[in-house]
Novice: 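A single structure is presented below for examination.
In this text the structure is predicted, and so the values were computed from the model without any measurement. Hydrogens, waters and symmetry mates play no part in the numbers below; they use all other heavy atoms, side chains included. Every chain is numbered from 1 and lettered A, B, ... according to where its sequence line falls, protein lines coming before strand lines.
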Number of protein chains: 4
Amino acid sequence: MLYFESDYTEGAHPKVLDALIKTNMESLSGYGNDHYCESAKEKIKKACECETAEVHFLVGGTQTNQIIIDSLLQSYQGVVAATTGHIAGHEAGAIEYTGHKVLTIPEIQGKINASTLKQFLEDFYNDGNHSHMVFPGMVYISHPTEYGTLYTKKELEDISTICHEYKLPLFLDGARLGYGLTSSQTDVTLPDIAKLCDVFYIGGTKVGALCGEAVVFTKNNTPAHFITFIKQHGALLAKGRLLGVQFDTLFTDNLYYEISQHAIKMANLLKDIIKEKGYPFYLESSTNQQFIILTNEQYKLLQEKVRFSFWEKYDDHHTVIRLATSWSTTQENLLKLKDIL
Amino acid sequence: MLYFESDYTEGAHPKVLDALIKTNMESLSGYGNDHYCESAKEKIKKACECETAEVHFLVGGTQTNQIIIDSLLQSYQGVVAATTGHIAGHEAGAIEYTGHKVLTIPEIQGKINASTLKQFLEDFYNDGNHSHMVFPGMVYISHPTEYGTLYTKKELEDISTICHEYKLPLFLDGARLGYGLTSSQTDVTLPDIAKLCDVFYIGGTKVGALCGEAVVFTKNNTPAHFITFIKQHGALLAKGRLLGVQFDTLFTDNLYYEISQHAIKMANLLKDIIKEKGYPFYLESSTNQQFIILTNEQYKLLQEKVRFSFWEKYDDHHTVIRLATSWSTTQENLLKLKDIL
Amino acid sequence: MLYFESDYTEGAHPKVLDALIKTNMESLSGYGNDHYCESAKEKIKKACECETAEVHFLVGGTQTNQIIIDSLLQSYQGVVAATTGHIAGHEAGAIEYTGHKVLTIPEIQGKINASTLKQFLEDFYNDGNHSHMVFPGMVYISHPTEYGTLYTKKELEDISTICHEYKLPLFLDGARLGYGLTSSQTDVTLPDIAKLCDVFYIGGTKVGALCGEAVVFTKNNTPAHFITFIKQHGALLAKGRLLGVQFDTLFTDNLYYEISQHAIKMANLLKDIIKEKGYPFYLESSTNQQFIILTNEQYKLLQEKVRFSFWEKYDDHHTVIRLATSWSTTQENLLKLKDIL
Amino acid sequence: MLYFESDYTEGAHPKVLDALIKTNMESLSGYGNDHYCESAKEKIKKACECETAEVHFLVGGTQTNQIIIDSLLQSYQGVVAATTGHIAGHEAGAIEYTGHKVLTIPEIQGKINASTLKQFLEDFYNDGNHSHMVFPGMVYISHPTEYGTLYTKKELEDISTICHEYKLPLFLDGARLGYGLTSSQTDVTLPDIAKLCDVFYIGGTKVGALCGEAVVFTKNNTPAHFITFIKQHGALLAKGRLLGVQFDTLFTDNLYYEISQHAIKMANLLKDIIKEKGYPFYLESSTNQQFIILTNEQYKLLQEKVRFSFWEKYDDHHTVIRLATSWSTTQENLLKLKDIL
């Protein structure tokens, strides 16, 4: 069986694992009060080229989205997101659980745009009944999106401008940020993101760590008593070192980029194979997730030899599937996949 | 100034007020433990022709929606509603506040239909990732809808059938139920609703009471310790008599129907006037709310002499407004409105 | 049967009811946007002698406590209250429902004091682990307390000083405020309360209204978009006039004080009767609630002729009961009670 | 610097780490759908000697308490716990965040007892106003407790009997369960706990894992759609293998017991040292946490060379501290500590 199901089917990148092994016997205080967390934070700040950045570590993606959003919104506010946003459909209502509505706006290939956002905000404030409605309180985007697509720098700037015009924090979900930063089709850098967003996170789980996401508040805007807030939400890790050591390693010697570049390289190879074999793409993605359309027969046959993700029904006879690469994807397995396809 | 803004611009119907006056000095226990509440409950059960019905009184509509939905859903469930449903857009996130997502499905003139609902439920259960999604836990409809439209008995039966096939309680928001029951275009009766729905409420606030909604659980299905649940939600009225006396009166000598019939009669007169004057209707409503399209100039002019509700923008040059009648609407005022139009 | 069960066993004071009757046919906008609400707010501000006061009307006591507390606390904060505070034990967890802990501190006859409060706050901030604990975010007191007792002006000043030293808003629950203000044993006035507290409410339900509580934010500190917040919590009354008209009347010609004074006068008469009959008081109360200790035999006998409130077990053979007076208590009924006792 | 601050100052037990290394490159499905999770679950069921047990893995202790409690309680219910219970004071209000009150009852050295519990429950149901109060919905205990003390089998049986008499699930927090099971002073086994409790968890974080707690529902009573519930609470780990591999190792060849026994052995040595040096114990603990009373001078001096936990103030001149042992505590370090003491 070949695994192209997701970018988290293996454990940790060997260098990350090595760091855990090497530091294992060191006695350290809990809850993130250790020198690895400190070091990781400094390295991330530096990578962001952002003096005012403050970094916190959390365990997983849904948890991170939930905590960031709940910590920044007032009770009467909701978060604006694409209808296809991860928080809108695939987190089991984790945002609503915290009492906040996800206010969805139309998207194209997973991306919202500044004018749609502006229209939504204008309509809200022009509505005579808006005091009986959920106030937009922040904007959520992901980069790459659910469909592996990327914002251009110009698009991000425009969204950021609208957000700040309406005094809404802009939050970028970077669960797969590495694959966005190392795509050959992007002009967006980590410092750009730190500049344009008010908060974002750098995904570890899907980019070579066992677990872990690094939250970056970019404008000295960490919510007050954020540690207590995290604890209250059941998300404070006792052995905070587990996150600190991993991110310290990921941000040493460019490892985070290396890991991502490898996955992108493998994804490009995968795209070539798919093109060669004549399977239609559902859309053009320049990151590590590729979406292709299979007939239902092809779907069933492929299932016998390859693990992939069902994405959505295309029509009665076709299905969209996702194939993902990661740090652990090998050329060898891609060639095996080619044979199967 | 003429008031056609809503059906709650005056106080209580004179008979309701009289009952409050007559019973005012009676000493009664609090929290609904009084004989007026008991009597009102019996009368409502009788009007519903439903032996297994259990009745509770609450103060307002949003509160009632919030409490019913939160009491029937499990944590991991959401409520299915039309995209235009009152709970979806105009209750300031009161459902999300309780931790539940409003799962919206397409509507036509405010109504959902059985096949759209069925499709939504099938898609949900067919989705391989549905354990990461909010489970549909009940279905919310309103009758009349936000647009004054009504379900036919057949439509309700079909929706009810799908709900029960999927073991989802069907909840009918009857904030304006009287106007639905007394429309000349309906074949749906109160006993029909009691039979087809698992819970619904009979609106008082918008049908002649100072405040109050009568919740009817129809299948011996009142949530355990519902009084405590209501108290916890801040919705238990100390002087429960205020609701008991009002509903006891509304369900004496057919008053609830009389009040509603008067409003419908006035609405029909209003429709004649609008037709005569040549204003286009936004849609055909057979209840007490009428939606018409004004040019922006007409809108401004009308605003000077009449209070009405802004509904939504039709296009850049036109606006949809709502005019509502009630027990207190007079023929005299309608004629004045005619002159103005 | 005689009713001394509570101060809300009858409807509204006749003058309040009259005002509802007189204004009933007036057409008014909903949700508190009417001139009676405006007028009532102005009168209350004047009675408070507080220029910076902002007034909002809500329906009931638990709802009011819930909304004020939830609106002022941050997620990681709780509300400090006496162990016997109404919010701590008798509101079915309405505060916890909003996500906040009630942090209880010891009390004497329902009252907390400044030094206990200070000790609690010092201990909290001295605790090395306090980032893993709920932060005190505001202080709740009631006046009169659950036991009918009253704070002196000095006591309130001291509590207020500690609160402001620790930057905690002081919230006074005035569900029975009238009886506190008109007790012969008090030196605390409404302007004192407005000065010393950051928010408080003037109870209507238990002081002659059908329902209604007037919330007063005293320092220009109404939470942003408070109407939306109220709506979200299911507590925005459509016919806001119902509250506006009642409070406008209660604050016209001193009615609120008159009502309260009558109850106090009746309570003093009740105390004389109890003393004369030799029943022991559980504690000394100078307001409209009196707590007496009955043997279990006396308890059973009294139950046959009088409705009163069970308060708590005193010991295996004795029970504490509460008798309450109100605007509607008559000397005649007190004399009947005397005969029974 | 010597570390006796807690039992989670080092990484993972070498065997646990080895297992992570060995399995690292294996491709596995996410979210706990892997064969290591399956294997670990089977081993735990076997260790519990409980056919009806169902096992789930979560990341941390507060998260686990939060999720178990929120999943088992109805909205109107709270959880009964000792006033010193971890959930009552040291989890930043994580339980209240989910909407539930922690109902505290008196304890002795961290333990509640059956008669206090019974009294509390009787009082609740005898209270005429209990419909306005939070219903007790489950009982929380920890074993060992916050103070390292242990329940006897008889005590657990008695508590269990009362719980089941009142139809309340009994939940045992086993964050440090290993140290309870391997104490020389206990007669309580893992099968006893599985038999007497309705749900409990086996702590990994504090007993040799990097992170992880194994929740055991013992009576086929896992809440419906528990995975979705976990996801909604932000607690579903993408790489579920991280927990599966660790627990699979901990429950292979008795490792969980071995780890615990070592800590107990070291704790006994520590106790001997403390006794020899004449420091007073705050209480008698037979597990891996030892509480001793220091003068404030001793406290300051010790701080320079040893990391320990501040526990609480004993009086103005004395402080209670905690010293903890774990799998990684060495005799060598204990001897160094002896020299320092």
Side-chain angles (χ1 to χ4, degrees), chain A residues 29-33 37 56 63 66-79 94-103 121 124-125 127-138 166-168 221-240, chain C residues 29-33 37 56 63 66-79 94-103 121 124-125 127-138 166-168 221-240:
Chain A
S29 287
Y31 308 111
N33 299 314
C37 284
H56 287 268
Q63 180 179 83
Q66 186 180 53
I67 284 175
I68 290 176
I69 291 170
D70 192 29
S71 75
L72 287 179
L73 291 183
Q74 297 298 312
S75 184
Y76 58 90
Q77 295 176 327
V79 55
I95 305 308
E96 290 82 4
Y97 180 68
T98 69
H100 302 289
K101 193 180 187 76
V102 180
L103 300 160
L121 296 170
F124 175 81
Y125 284 104
D127 191 318
N129 296 316
H130 75 259
S131 69
H132 287 203
M133 294 161 70
V134 175
F135 277 66
M138 68 191 295
Y166 282 87
K167 298 202 164 64
L168 302 177
N221 56 337
T222 307
H225 300 296
F226 195 51
I227 290 297
T228 306
F229 191 87
I230 291 171
K231 178 80 179 169
Q232 180 198 33
H233 285 62
L236 191 62
L237 199 61
K239 293 183 178 170
Chain C
S29 287
Y31 307 111
N33 300 314
C37 284
H56 286 269
Q63 180 179 84
Q66 186 180 53
I67 285 175
I68 291 176
I69 291 169
D70 192 29
S71 74
L72 287 179
L73 292 183
Q74 296 298 311
S75 185
Y76 58 89
Q77 296 176 327
V79 54
I95 303 308
E96 289 82 3
Y97 180 69
T98 69
H100 303 289
K101 194 180 186 75
V102 180
L103 301 160
L121 296 170
F124 175 81
Y125 283 104
D127 191 318
N129 296 316
H130 75 260
S131 70
H132 287 203
M133 294 161 70
V134 175
F135 277 67
M138 67 191 295
Y166 282 86
K167 297 203 166 64
L168 302 176
N221 57 335
T222 307
H225 301 295
F226 195 51
I227 289 297
T228 307
F229 190 88
I230 291 171
K231 179 80 180 169
Q232 182 198 31
H233 285 61
L236 190 62
L237 199 61
K239 292 184 179 170

Novice: Might you point out which heavy atoms bring Leu103(A) and Pro136(A) nearest each other, and give the distance in Å?
Specialist: CD1-CA, 3.7 Å
Novice: At what distance, to the nearest 0.5 angstrom, does CD1 of Ile227(C) lie from OH of Tyr31(C)?
Specialist: 11.5 Å
Novice: Among His130(C), His225(C), Gln232(C), Lys231(C), which has the most heavy-atom pairs under 4.5 Å with chain A?
Specialist: His225(C)
Novice: Please classify the contact of Ile230(C) with chain A as side chain, backbone, both or neither, using a heavy-atom distance under 4.5 Å.
Specialist: neither
Novice: Can you list the residues of residues 67-77 of chain C that sit under 4.5 Å from chain A, counting heavy atoms only?
Specialist: Ser75(C), Tyr76(C)
Novice: Please name the pair of heavy atoms, one in Leu236(C) and one in His132(A), separated by the smallest distance, quoted to 0.1 Å.
Specialist: CD2-NE2, 3.5 Å
Novice: Distance check, rounded to the nearest 0.5 Å: Tyr166(C) atom OH versus Phe135(C) atom CZ?
Specialist: 13.0 Å
Novice: What is the minimum heavy-atom distance between Ala94(A) and Gln66(A), and which atoms define it?
Specialist: O-NE2, 2.9 Å
Novice: Any chance you could measure Asn33(C), atom CG, to Ser131(A), atom OG, to the nearest 0.5 Å?
Specialist: 8.0 Å
Novice: What's the separation between atom OG1 in Thr228(C) and atom CZ in Phe226(C), rounded to the nearest 0.5 Å?
Specialist: 11.0 Å
